[in-house]
Every structure is written in C-alpha cells, then in structure tokens.
Amino acid sequence: MMNAVKVRFKKLNAGAKMPDYGTEYAAGADLYACMEEPLTIKAGTTEFVHTGIAMEIPEGLVGLIYARSGLACKRGVAPANKVGVIDSDYRGEIMVALYNHSQEDVTLESGERVAQMVITPYVFAEYEESDELQDSVRGARGFGSTGMK
C-alpha cells in the first residue's frame, strides 16, 4: 500500500458511511448517500445528495469530487459541477450535487455510492499582472488547435 495521508472525518448522521476504496489501487474513495428516504432526481434536474459526513482535509490538499462511472454511464447521473472542490478549510457536510442527464427519473437509495473523492495536493498560485507574456510555440491558438500545423 502507498503512504497514506490521514484525513479525519466526522459522522453527522448515525447512518453515514465512511469513504472507502473499491480496490487496493483505486485513486478515488467512494462517497455514499445518507438520506432518510430515497431521493428521486427528475430528468434534466439537479439534486443535492447528503453524505452525512464532514472532513478535515489537511492543509495543502484538496478533495476533488468526481463521477462514479457506473452511475454516470449506466444511469446518466453525474456531478452537476463536473468536479466538486472540497477545500481544506471547509468543515461542513460533504454534499454532492448530482445532475440527471438521462430522459428518465433516477431514484437513489441511502447507502448507495454517489461519487468518488480524490485527495490530492495543489499549488497555490501568486498571480502577478504583466504587460507582456513570454512567447511559446503554441501562442494564442486555442480550442482544438494542438497537433495542427
């Protein structure tokens, strides 16, 4: 097993589940729904799913919330914001905003895996305004331009 970073979490609801990894080498830990009753996400809408947990992510790290491939590909439900960001100074309940991309309503049960979270380091940037930027081979060519001559 790799060197693990300790991330403290607190159950805010007795029925909450600890984040866990599906396999030994999984990068993302599964997050579970924690609700009093099933939640239906109507086609084309977003609902906030409770996890029942709060975390203490160490300084210099961030929790990134991604879709679970099974839920997204098989049922059409994925994070509304594409990637959720849990900052190290946030201590509230981890919520997952899920959007239903399908044409049918989707019902989630408490205890169901709804997203995965990757804990990763980040670089804090110090932005500095400048009148000039260094030239590069790519320059200002944007969307879809790489690999084109």
Side-chain angles (χ1 to χ4, degrees), residues 1-41 44-102 106-130 132-134 136-147:
M1 182 191 286
M2 294 186 220
N3 291 332
V5 172
K6 294 236 186 269
V7 177
R8 293 173 46 156
F9 79 97
K10 176 182 178 180
K11 284 188 177 185
L12 304 174
N13 181 304
K17 289 187 168 189
M18 177 178 77
D20 64 6
Y21 295 94
T23 67
E24 183 181 1
Y25 296 106
D30 291 326
L31 297 176
Y32 295 85
C34 182
M35 308 168 298
E36 297 298 320
E37 55 191 38
L39 173 68
T40 298
I41 306 173
T45 67
T46 298
E47 293 287 343
F48 288 89
V49 180
H50 291 265
T51 65
I53 61 171
M55 290 189 181
E56 186 179 311
I57 297 173
E59 186 178 330
L61 303 177
V62 63
L64 299 177
I65 309 291
Y66 293 101
R68 290 201 72 260
S69 57
L71 190 59
C73 296
K74 294 178 182 175
R75 297 173 69 192
V77 176
N81 52 346
K82 306 306 178 209
V83 177
V85 175
I86 309 298
D87 296 310
S88 64
D89 59 351
Y90 177 68
R91 294 294 185 272
E93 182 179 9
I94 305 296
M95 302 281 285
V96 180
L98 290 179
Y99 180 79
N100 183 350
H101 294 272
S102 78
V106 173
T107 300
L108 301 174
E109 302 288 335
S110 192
E112 191 169 342
R113 297 174 295 174
V114 293
Q116 58 183 323
M117 182 169 61
V118 174
I119 303 291
T120 189
Y122 65 91
V123 174
F124 187 83
E126 195 172 301
Y127 295 95
E128 178 181 289
E129 185 175 359
S130 176
E132 297 294 323
L133 301 177
Q134 291 181 354
S136 71
V137 173
R138 181 176 179 177
R141 291 181 301 157
F143 298 101
S145 67
T146 57

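Keep in mind it's a predicted model, so treat the numbers as computed, not measured.
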Per the side-chain hydrogen bond (donor to acceptor under 3.5 Å, both in side chains) rule, what does the pair list look like for residues 49-66, sequence neighbours excluded?
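Residue pairs passing side-chain hydrogen bond (donor to acceptor under 3.5 Å, both in side chains), neighbours aside: His50-Glu93.
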Listed once per pair and sorted, the side-chain hydrogen bond (donor to acceptor under 3.5 Å, both in side chains) pairs that draw on residues 68-86, sequence neighbours left out:
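Counting only pairs at least two positions apart or across chains, the side-chain hydrogen bond (donor to acceptor under 3.5 Å, both in side chains) contacts touching residues 68-86 are Asp30-Arg68, Arg75-Glu112.
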Is the CZ atom of Arg8 crowded by more than 12 outside heavy atoms at less than 6.0 Å?
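Check fails, neighbour count at 12 or below.
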Neighbour count above 12 (heavy atom, 6.0 Å) for Tyr122 OH
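Yes, OH of Tyr122 has more than 12 neighbouring heavy atoms, counting only those of other groups under 6.0 Å.
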Distance from [X] atom [atom1] to [Y] atom [atom2], nearest 0.5 Å?
X: Ile41; Y: Thr107; atom1: CD1; atom2: OG1; value: 8.5 Å
X: Ile65; Y: Met95; atom1: CD1; atom2: CE; value: 12.0 Å
X: Thr45; Y: His101; atom1: OG1; atom2: NE2; value: 11.0 Å
X: Lys17; Y: Lys11; atom1: NZ; atom2: NZ; value: 9.5 Å
X: Met35; Y: Leu108; atom1: CE; atom2: CG; value: 5.5 Å
X: Glu37; Y: Thr40; atom1: CD; atom2: OG1; value: 9.5 Å

Please find the pair of heavy atoms, one from [X] and one from [Y], that lie closest to each other, and give the distance.
X: Pro58; Y: Lys6; value: CG-O, 3.5 Å
X: Ile57; Y: Val62; value: CG2-N, 4.1 Å
X: Val114; Y: Leu98; value: O-CD2, 3.8 Å
X: Arg91; Y: Ala54; value: O-CB, 3.3 Å
X: Cys34; Y: Ser110; value: CA-OG, 3.6 Å

Name all residues meeting the side-chain hydrogen bond (donor to acceptor under 3.5 Å, both in side chains) criterion together with Tyr99; count only those two or more places apart in sequence or in a different chain, and write none if there are none.
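With neighbours one apart ignored, the set is empty.
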Mind checking what makes side-chain hydrogen bond (donor to acceptor under 3.5 Å, both in side chains) contact with Asp20, not counting sequence neighbours?
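Checked Asp20 against side-chain hydrogen bond (donor to acceptor under 3.5 Å, both in side chains); matches are Tyr32.
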Answer yes or no: is there a donor N or O on one side and an acceptor on the other, between the side chain of Asp87 and the main chain of Asp89, under 3.5 Å?
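No; judged by distance alone, with no hydrogens or angles, the pair does not exist.
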Once side chain to side chain contact (heavy atoms under 4.5 Å, CB included) is applied, do any residues pair with Ala72, and if so which ones, sequence neighbours excluded?
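So Ala72 forms a side chain to side chain contact (heavy atoms under 4.5 Å, CB included) with Ala67, Ala78.
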Lys10: partners by side chain to side chain contact (heavy atoms under 4.5 Å, CB included), with sequence neighbours left out:
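Testing Lys10 for side chain to side chain contact (heavy atoms under 4.5 Å, CB included), a comparison that skips the adjacent residues, returns Leu12.
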